Engineer: 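Structure provided below as structure tokens; questions to follow.
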Amino acid sequence: PQTHTFTSTITDNTALQTVYIENNFNGQTINTTLTSGTSTYSYSRGALGAGTYTYKFIAIDTSGNLATSAPQTYTVLQATLNTTVSLSPPSGAAYTTPTTASCSSTNTQVTTTLYRNSIATTPGTSALGVGTYNFTCITPSNQNYTRAASQQFYTIVQAQSQINLTLSGLRQDTQIF
């Protein structure tokens, strides 16, 4: 997961006693005490869900003076997904050829759904009749990801006929006199 780092340079003409960051990264306002061997104070944290957050730095020196930075906003946008419909063999297969359809997404937090002609279907191998089919893979949005869809049209063609003529039980050229 991504690391989010918030930094401020804080100086004082005497000495700093306490520095903290006030933030709502967890959904409620909290203060976290920071330490530093220099005038640069940083706060790092892991994953943040998509949304807008506020934070500010607060410093108290040894004389009891308080300084507060202006509130800052930090926005995490929803990530964009890649969703894919996979069909095998390629479109244009003959009627008797089994077709394998699957659906995948870069978002493992939600379930993708495969649709054939707007009806949810189970990914896998099946025999399709002659015609054109609309396969669509949809991954719904959640807090961290946008909705994504992928569509592919797939055609099954009529199989070529094969006719065998049998005469007197023989399937070969026969001359009749």
Side-chain angles (χ1 to χ4, degrees), residues 1-88 90-91 99-126 133-154:
Q2 182 177 358
T3 299
H4 304 271
T5 302
F6 306 88
T7 304
S8 182
T9 300
I10 302 171
T11 58
D12 188 74
N13 62 350
T14 57
L16 289 169
Q17 178 180 330
T18 306
V19 174
Y20 55 92
I21 184 172
E22 181 177 286
N23 66 77
N24 67 343
F25 301 142
N26 293 329
Q28 58 187 354
T29 302
I30 62 167
N31 294 323
T32 302
T33 302
L34 306 175
T35 58
S36 175
T38 68
S39 60
T40 301
Y41 289 82
S42 294
Y43 173 73
S44 294
R45 64 159 290 132
L48 283 171
T52 300
Y53 303 93
T54 59
Y55 69 95
K56 63 183 175 182
F57 287 90
I58 300 170
I60 303 170
D61 68 12
T62 55
S63 300
N65 298 311
L66 178 108
T68 303
S69 70
Q72 303 293 314
T73 58
Y74 185 74
T75 302
V76 178
L77 300 175
Q78 287 180 306
T80 303
L81 293 172
N82 290 322
T83 299
T84 305
V85 173
S86 298
L87 299 166
S88 177
S91 185
T99 301
T100 302
S102 64
C103 181
S104 63
S105 172
T106 55
N107 180 0
T108 58
Q109 295 179 0
V110 295
T111 302
T112 58
T113 303
L114 179 64
Y115 294 88
R116 183 174 65 218
N117 297 336
S118 302
I119 298 171
T121 186
T122 303
T125 302
S126 60
Y133 298 87
N134 175 1
F135 283 90
T136 305
C137 179
I138 296 179
T139 304
S141 64
N142 66 7
Q143 178 187 357
N144 296 321
Y145 292 92
T146 59
R147 177 190 183 276
S150 175
Q151 181 181 39
Q152 193 171 346
F153 288 93
Y154 190 79

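Computed from a predicted structure; not experimentally measured.
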Engineer: Heavy atoms only: give me the nearest Q78-Q143 pair and the separation to one decimal.
Structural biologist: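 Residues Q78 and Q143, closest heavy atoms: CG-O, 3.4 Å.
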Engineer: Can you give me the closest heavy-atom contact between N144 and G49, atom names plus distance?
Structural biologist: OD1-CA, 3.0 Å
Engineer: Taking the six-membered ring for Trp, are F57 and Y41 ring centroids under 6.0 Å apart?
Structural biologist: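 F57 vs Y41: aromatic centres not under 6.0 Å.
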Engineer: Say you draw a straight line from OH of Y55 to OG1 of T73; how long is it, rounded to the nearest 0.5 Å?
Structural biologist: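 Here the interatomic distance stands at 8.0 Å.
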Engineer: Using the side chain to side chain contact (heavy atoms under 4.5 Å, CB included) rule, take L48 and Y74 through it: C-alpha gap first, then chi angles, then the decisive distance, then the call.
Structural biologist: CA-CA 10 Å; L48 283 171; Y74 185 74; 3.9 Å; yes
Engineer: Taking the side chain as every heavy atom from C-beta outward, state whether L66 and I58 have any pair of such atoms under 4.5 Å apart.
Structural biologist: yes
Engineer: Taking distance alone, no hydrogens or angles, what donor-acceptor pairs closer than 3.5 Å link side-chain atoms of residues 19-30 to residues at least two apart or in another chain?
Structural biologist:
from	atom 1	to	atom 2	distance (Å)
N23	OD1	F25	N	3.1
N24	OD1	T54	N	2.7
N26	OD1	R45	NH1	3.1

Engineer: Which pair of non-hydrogen atoms, one from P123 and one from S102, has the smallest distance, and what is that distance?
Structural biologist: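 That closest heavy-atom pairing would be CB-CA, 4.1 Å.
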Engineer: Quick one: closest heavy-atom pair of F135 and A101, and the distance?
Structural biologist: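 Here F135 and A101 meet closest at CE2-CB, 3.7 Å.
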Engineer: Return yes if some donor-acceptor pair links the side-chain N/O of Q151 with the main-chain N/O of T136 below 3.5 Å, else return no.
Structural biologist: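 Not at all, since once roles are kept as given, no pair shorter than 3.5 Å links the two residues.
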Engineer: Side-chain donor-acceptor contacts of residues 107-117 below 3.5 Å, not counting sequence neighbours, with atom names and distances?
Structural biologist:
from	atom 1	to	atom 2	distance (Å)
N107	OD1	Q109	N	2.7
Q109	OE1	N142	ND2	3.1
N117	OD1	N134	N	2.8

Engineer: Measure the OG1-CG distance between T7 and L34 for me, rounded to the nearest 0.5 Å.
Structural biologist: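 One gets 9.5 Å once the value is rounded to the nearest 0.5 Å.
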Engineer: Any non-hydrogen side-chain atom of T139 less than 4.5 Å from a side-chain atom of Y145?
Structural biologist: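 A side-chain contact is absent here, since even the closest heavy-atom pair is not under 4.5 Å.
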Engineer: How far does CD1 of I138 sit from CG of L81, to the nearest 0.5 angstrom?
Structural biologist: 12.5 Å
Engineer: How far apart are the closest heavy atoms of S104 and C137, and which atoms are they?
Structural biologist: N-SG, 3.9 Å
Engineer: Is it true that T146 and S141 share a donor-acceptor pair across their side chains at a distance under 3.5 Å?
Structural biologist: no
Engineer: Mind listing the closest non-hydrogen atom pair of Q152 and V85 along with its distance?
Structural biologist: OE1-O, 3.3 Å
